[in-house]
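Beneath this line is the structure, given in structure tokens, with notes to follow.
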Amino acid sequence: MNLSNAGFTIGATAPKSFVRDGRAQIAFAGRSNVGKSSVINCLLNRKNFARVGSAPGKTSQINYFLIDRQLYLVDLPGYGYAKVSKAERERWGRLMEAYFASGLITQGVQIVDARHSPTADDRTMMRWFRDTGCPVTVVANKLDKLKKSEIEPSLQRIRQVLELEERTAIIPFSAQNRVGVEALRQALFGQSGVHS
Ligand code: GDP
């Protein structure tokens with residue numbers, strides 16, 4: 001698959017705009033500021049594809065990126081930003097609920113912060129992914145902020161708190177240092193000769 005052949009398709013703010021063209025949809029979820037945009041940019045080898053550092057919590061929008069005309073990377077709106085209004089939070093909830101219930105997700109990527117125990121919201125997202133029945137990969141981002149000795153215990157804690165099944169992989173990742181990029185490409189796109 002040619003990851004360079006990637007383009008923004010649509011930002012959906014309501015279920016009527018969800019893409020329903022039969023292509024696979026790999027959904028990326030994560031708390032605001034966890035580095036979701038940075039991870040997507042790393043994966044696609046781009047600098048400013050998904051917007052890094054955009055106003056947190058201001059974008060209750062599901063962004064679709066078509067990759068090599070084959071599948072979509074779906075950037076779900078970040079969550080957990082304290083200063084979001086109640087109305088906005090509810091809008092987020094309705095949109096996400098509809099998308100997770102749509103049956104459109106074929107694969108999930110849950111991004112968490114390698115330094116911290118996953119939040120209650122992270123656990124909720126993980127449960128939503130689990131309920132879809134699709135395979136999920138957990139990305140533990142900002143690995144560069146950990147000492148070497150802290151990495152393994154931290155990954156164990158993430159596995160425990162998210163109650164991951166054995167088959168669910170956690171990929172230690174640093175978008176800053178481009179650590180884990182190949183492992184994530186393998187997990188998502190398999191052996192199909194990915195080049196970027
Ligand atoms: P998003 O809100 O989840 O899309 O997060 P962004 O991609 O906008 O990143 C939020 C902030 O975290 C930015 O300042 C990034 O530069 C920083 N960031 C993202 N990934 C990493 C990483 O792996 N290590 C470090 N140290 N910082 C990161």
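One-based numbering, in listed order, for ligands and for the atoms of each. Numbers for residues simply follow the sequence, beginning at 1. Everything numeric here is computed off the predicted structure, so don't read it as measured data.
For the residue pair S38 / N41, no side-chain donor-acceptor distance below 3.5 Å is found, with atom types taken as modelled. Side chains of Q25 and Y99: a donor-acceptor N/O pair is present below 3.5 angstrom, by distance only. Between the side chains of D144 and N177, no donor-acceptor pair of N or O atoms lies under 3.5 Å. Side-chain contact, Y81 with N33: no donor N or O sits under 3.5 Å from an acceptor N or O.
Using a non-hydrogen distance threshold of 4.0 Å, G30 does not register as a contact of ligand 1.
Applying the 4.0 Å criterion to heavy atoms of A175 picks out, from ligand 1, the atoms 20 (N), 22 (C), 23 (O). The R31 neighbourhood of ligand 1 comprises atoms 3 (O), with distances under 4.0 Å to a heavy atom of that residue. Interface of V34 with ligand 1, defined as ligand atoms under 4.0 Å from a residue heavy atom, comprises 3 (O). Under a 4.0 Å criterion applied to the non-hydrogen atoms of S174, ligand 1 contributes the atoms 23 (O).
Ring orientation note: the planes of W128 and W92 are close to parallel, at an angle under 30° on the 30°/60° scale.
Salt bridge absent: R31 and D121 never bring a charged side-chain N and a carboxylate O closer than 4.0 Å. Salt-bridge check for R94 with E97: failed, with every basic side-chain N at 4.0 Å or more from each acidic carboxylate O. Using a cut-off of 4.0 Å between Lys/Arg side-chain N and Asp/Glu carboxylate O, R130 and E165 are scored as not salt-bridged.
Contacts with ligand 1 closer than 4.0 Å are made by side-chain heavy atoms of N141 only, the backbone lying farther away.
The shortest N or O to N or O distance between S32 and ligand 1 is not below 3.5 Å. For ligand 1, the polar-atom distance check against N33 finds a nitrogen or oxygen pair separated by under 3.5 Å. Between L143 and ligand 1, a contact under 3.5 Å exists for no N or O pair.
Closest heavy-atom approach to atom 4 (O) of ligand 1 among the candidates S37, P77, G78: S37. Across the listed options D144, D113, V179, D75, D144 owns the non-hydrogen atom lying nearest to atom 24 (N) of ligand 1.
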